[in-house]
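Here's the structure, in C-alpha cells; my notes come after.
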Amino acid sequence: MADVFSIIPASVLRNLSDKLYEKRKNAALEVEGIVKQLAVAGEHDKIAVVINLLVNEFTNSPQANHRKGGLIGLAAATVGLTSEAAQHLEQIVPPVLNSFSDQDSRVRYYACEALYNIAKVVRGDFIVFFNDIFDALCKLSADSDANVQSAAHLLDRLVKDIVTESDQFSIEEFIPLLRERMNVLNPYVRQFLVGWITVLDSVPDIDMLGFLPDFLDGLFNMLSDSSHEIRQQADSALSEFLTEIKNSPSVDYGRMAEILVQRAASQDEFTRLTAITWINEFVKLGGDQLVPYYADILGAILPCISDKEEKIRVVARETNEELRAIKADPAEGFDVGAILSVARRHLSTEWEATRIEALHWIYTLLNRHRTEVLAFLNDVFDTLLKALSDPSDEVVLLVLEVHACIAKDPHHFRQLVVFLVHNFRVDNSLLERRGALIIRRLCVLLDAERVYRELSTILEGESDLDFASIMVQALNLILLTSSELSGLRDLLKQSLVTAAGKDLFLSLYASWCHSPMAIISLCLLAQTYQHASSVVQSLVEEDINVKFLVQLDKLIHLLETPTFAYLRLQLLEPGKYIWLLKALYGLLMLLPQQSASFKILRTRLKTVPPYSFSGEQLRIASSGIPYSLMNYTGSGSQISEDGVMHDDLQNPHNGINFGSRLQQFDQIQQQHRMHAKTQTQSRYSSTSSTKEVQRLEEPKRPSAAQELSRPPSRSLRRGPGQLQL
C-alpha cells in the first residue's frame, strides 16, 4: 500500500470514494493524469499496481461509494493509457462487467458509463470480451431502473458500432450465446436481441444467413409477443432473411423446414401465416434438399388448408399444389410410406377441406407410385373404407375414386365390395343416405356389370335375409333409375338374345330372388315376360304384405318412366306380347282398387288396342299347363319367353331353364316366409310373457263361474249390440 501512496496521493484516494460525485470525478481526473505520466514513462508495472488497487480496494468494496469510485477510476486509467490500454484490459474489463449485476442501481449505472468510456478508447481491442459484454448488456436491457436501461442502450449502440467495423468479431463463437438467449420472454431483452440480429445481418462480412437455423425458432416465437413493436421488428427481420434466402445459391433448407413445420401449427394466427408463407417459398426454392422433409411439410400444410383465416388457407392451398406438382422419385429419398401415413392421419380430421386434400394426395401417389403404395396398403385401407361413411358427399366421391384405383387388382376389388356390403348391413342409414351415390359412382369408376355381379354374388350367400331383401331392393331401384347404368339395362334387354345378356341375367337372378318385386322388375327389364307372369302367379298370401305393396307401387310408377318406354310400346302389339299383358294384369289384380297405382296401371292397360287372340293363344295364355310345356303350341309352333310366336323349334329361352329359376325363387321366398314366421312367433312369445307377468301382478279376480252366478246389478243396462245372458 505504501508503494501505491507513493504513486497516488492519499487525498486522491479519499476523494475517489467520497459520496459527492464531483469529488469522485476530480479524483478520477487526477488518476487519469498519473496513469498518463506512467504510460509515457513506460512504467507499466506501476500502472498495474494502480489498477489492482482500484479493483481490490474499490470495485470489490462493500461500500457503494467505493465501488462507484473504483469504476470511474478504472475508466480514467484507461483514458490515461490511450493506445497502450489493450495490454491492461484483462485487469480492467472483468471487474466492470461484474459490477453490472451489483444490487445498487447507481453502481450499475456507473458500470455502464465506465465501460462506455473504456470502449471508446480501446475500440477493436474490446472485441475479445464481446460475448461477456453482450451477456451483460442483455441482462441490463431488462433492468428495473430506467437510468440504467438508458445507459445500457447508449453503451449498446457503441458496441454495435465497434463490432460492425471490426474484423476480429467471431460469429461462430457468438451464435451459441445468441441461440441460448432467444428463448427469453422479457420484451426488452427480445428487442435487444432482434436489434443485434438485424445489425449483424447488415454487415457484409458476417454470414448470419448461414446460422439462421440456430435462431430462426426464436424469431418466430417473437411473432406472437404481446408487444406490437416486437412483433413488427421480428417480422421485419424475418422478411429480410427470406429475401436473402431467395437470392442465395446455398441455403440449409432442411433444418429450417423442421422449425417451420412446428411453427405452422402455432396457436398464433400471425405466426402460422408467416410459417406457411416461408414453407411456400421453400417448396418453390428447396428442390432436392426438401425431399426427405416432404411428409413433415405436408403434415403442416394440410391443417392450414382448413384454417379459419382466409390468407392462411390461400397460401396453404397454393403450397399444397406446388408440393403435389413435384414428381419426386423414391430412389431419391422420397418416402411414399411417410406421405401416406400423413394423409391417412388427416383423413380422420374434423375439417372437410383437409380430408379432401388428403384423399387427393393418396390418389396422386397411387397414379405415380402404385407399387410402393400397394406395399403400404394395409396401413391405409381400413381408414379408406371407413371414409365411405364420411358425412361429406365430396369426400365420399373422392374415396370412391381412390378405391376404384386400388380395385384394379381383383383381390382389392372383392375386399372393397365385401366391406361396402358389411357397412350397409351394420348401418342401414348409410344405405338410405349414401347407397345410391356410392353404387352409382362405383359403376362409373369401375365396370357397372362387374360391380353388380360382385354384389349379387355376395348377397346370394347373405345370411341376414331382411338385409338381403333391403339391399336387393336398393340395387334394383338404382338399376332401373340411374343414367349411369343404362348400358347395363340395355344388356339385360338382350337376355333372351345374346350370351352376355343371359349371363348377366342369371348372375343377378339368384340374389334378386330375395325380393319378389325385384325379380319381377328384372324379368320385365329382361323381357322375360312369361317368367314374370309365372312369378306373379306363384306369390302366396304371406308374400303380399305392406312392404310388397310399397315396392309394387314404386314399380308401377317406374313403368311410366323412359326406362320402360320399350315395354309400353310393346303393348301396341298385344297379340305378340301376350305374356306381358298377363304379367301386368297379374300385378293389377294384386293392387288395392282404391290405390293410385291401381288407377295408373288400369289406365295404361285400357289404352292397349283391341286384339283378337286365336283360340290356341288364349288357351295357352290362360291354361295351367306346366311351365316346361307351356312354350309349345298344338300346331308345333313356339311362343317365346317374350311372348313372340316362332315357327321353328329352336330354343327360344337362350338356354335359360326358367323352370329351375322359378323353383329357386320359390325356395328363397320360402326361407323368407319361415324367417318372418319365426320372428312373429318370437315377438308373440315375448308379448305373451309380458302379459303373463302383468296378469300375475294384478289383484285376484272372481272366476268366470262366480261371475255368471252373481245376480246382475240393476243399475247395469244392456247397450246396443250387447248379448243378453
Side-chain angles (χ1 to χ4, degrees), residues 469 472-473 476 495-496 505-506 508-510 512-556 558-559 564 567 570-571 574-593 595 597-598 601-602 604-605 608 613 615-633 638-645 652-653 656-674 676:
S469 177
V472 165
Q473 290 168 16
N476 183 64
S495 297
L496 296 177
F505 176 80
L506 292 176
L508 298 183
Y509 191 94
W512 257 239
C513 285
H514 284 292
S515 169
M517 201 46 56
I519 207 71
I520 293 170
S521 302
L522 182 65
C523 291
L524 293 178
L525 192 60
Q527 302 186 68
T528 57
Y529 301 135
Q530 184 177 351
H531 188 62
S533 177
S534 299
V535 169
V536 173
Q537 294 287 338
S538 72
L539 297 175
V540 298
E541 180 182 344
E542 292 94 327
D543 300 328
I544 306 170
N545 51 33
V546 174
K547 293 180 181 179
F548 173 86
L549 292 174
V550 170
Q551 292 298 314
L552 179 54
D553 178 75
K554 290 180 181 179
L555 176 59
I556 299 305
L558 283 172
L559 291 176
F564 285 101
L567 183 148
Q570 288 171 352
L571 292 175
K576 187 177 180 181
Y577 297 98
I578 55 175
W579 291 112
L580 171 59
L581 274 172
K582 186 170 183 180
L584 293 179
Y585 271 109
L587 295 177
L588 183 67
M589 295 304 116
L590 298 177
L591 286 166
Q593 291 190 42
S595 66
S597 298
F598 178 87
L601 183 55
R602 183 179 62 177
R604 174 61 64 186
L605 291 173
V608 175
F613 293 98
E616 189 66 22
Q617 287 175 317
L618 288 171
R619 183 184 68 78
I620 291 178
S622 60
S623 69
I625 298 174
Y627 192 97
S628 59
L629 303 176
M630 195 173 286
N631 296 294
Y632 294 94
T633 66
Q638 280 188 317
I639 300 176
S640 70
E641 174 65 26
D642 59 2
V644 180
M645 297 288 296
H653 297 168
I656 302 175
N657 186 341
F658 283 102
S660 175
R661 298 283 78 79
L662 187 60
Q663 289 178 3
Q664 184 180 21
F665 171 73
D666 286 337
Q667 289 172 359
I668 293 178
Q669 284 304 303
Q670 185 60 31
Q671 293 176 16
H672 278 271
R673 294 174 196 129
M674 293 298 296

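Shown here for F564 and L558, the closest heavy-atom pair between the two residues is CD1-O, 3.4 Å. Here the closest non-hydrogen pair linking L581 and P574 is CD1-CB, 3.3 Å. Residues S515 and V472 come closest through the heavy atom pair CB-CG1, 4.1 Å. A pairwise comparison of heavy atoms in A583 and V536 identifies O-CG2, 4.4 Å as the closest pair.
In this structure, the separation between CG on L539 and CD1 on I544 is 5.5 Å, given to the nearest 0.5 Å. Here L580 contributes atom CG and L524 contributes atom CG; the two are 7.0 Å apart, rounded to the nearest 0.5 Å. Here the CE-NE2 distance, from M674 to H672, works out to 13.0 Å after rounding to the nearest 0.5 Å.
Put simply, the side chain of K582 reaches to within 4.5 Å of the side chain of Q537, judged on heavy atoms. Side-chain contact between I556 and L588 is absent, with no heavy-atom pair separated by less than 4.5 Å. Between I519 and H514, the closest side-chain pair of non-hydrogen atoms is not below 4.5 Å. Two residues are said to be in side-chain contact when any heavy atoms from C-beta on lie closer than 4.5 Å; L552 and S597 fail this criterion. Put simply, the side chain of R661 reaches to within 4.5 Å of the side chain of Q664, judged on heavy atoms. Under the 4.5 Å side-chain criterion, counting only non-hydrogen atoms from C-beta, R604 is in contact with L571. The shortest side-chain heavy-atom distance between P516 and F665 falls under the 4.5 Å cut-off. Contact annotation: the side chain of S495 never approaches that of Q527 to less than 4.5 Å [non-hydrogen atoms, C-beta and beyond].
Between the side chains of Q473 and S469, at least one donor-acceptor pair of N or O atoms lies under 3.5 Å.
Aromatic ring orientation, Y529 versus Y577: perpendicular (interplanar angle above 60°, classes split at 30° and 60°).
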Handout entry: Derivation and outcome, side-chain contact (heavy atoms from CB on, under 4.5 Å), residues L559 and L584
Key = CA-CA 10 Å; L559 291 176; L584 293 179; 4.0 Å; yes
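Put simply, the side chain of S660 never gets that close to the backbone of N657: no donor and acceptor are under 3.5 Å apart. Under a 3.5 Å cut-off, the side chain of S534 and the backbone N or O of Q530 do form a donor-acceptor pair. T528 places a side-chain N or O within donor-acceptor distance of the main-chain N or O of C523, the cut-off being under 3.5 Å.
Checking each of L522, D553, L555 against M517 for a side chain to side chain contact (heavy atoms under 4.5 Å, CB included) leaves exactly one that passes, namely L555. Of the residues N545, V550, V546, the one that meets the side chain to side chain contact (heavy atoms under 4.5 Å, CB included) test with F548 is N545.
Remark: aromatic rings of H531 and Y509 are close, center separation under 6.0 Å.
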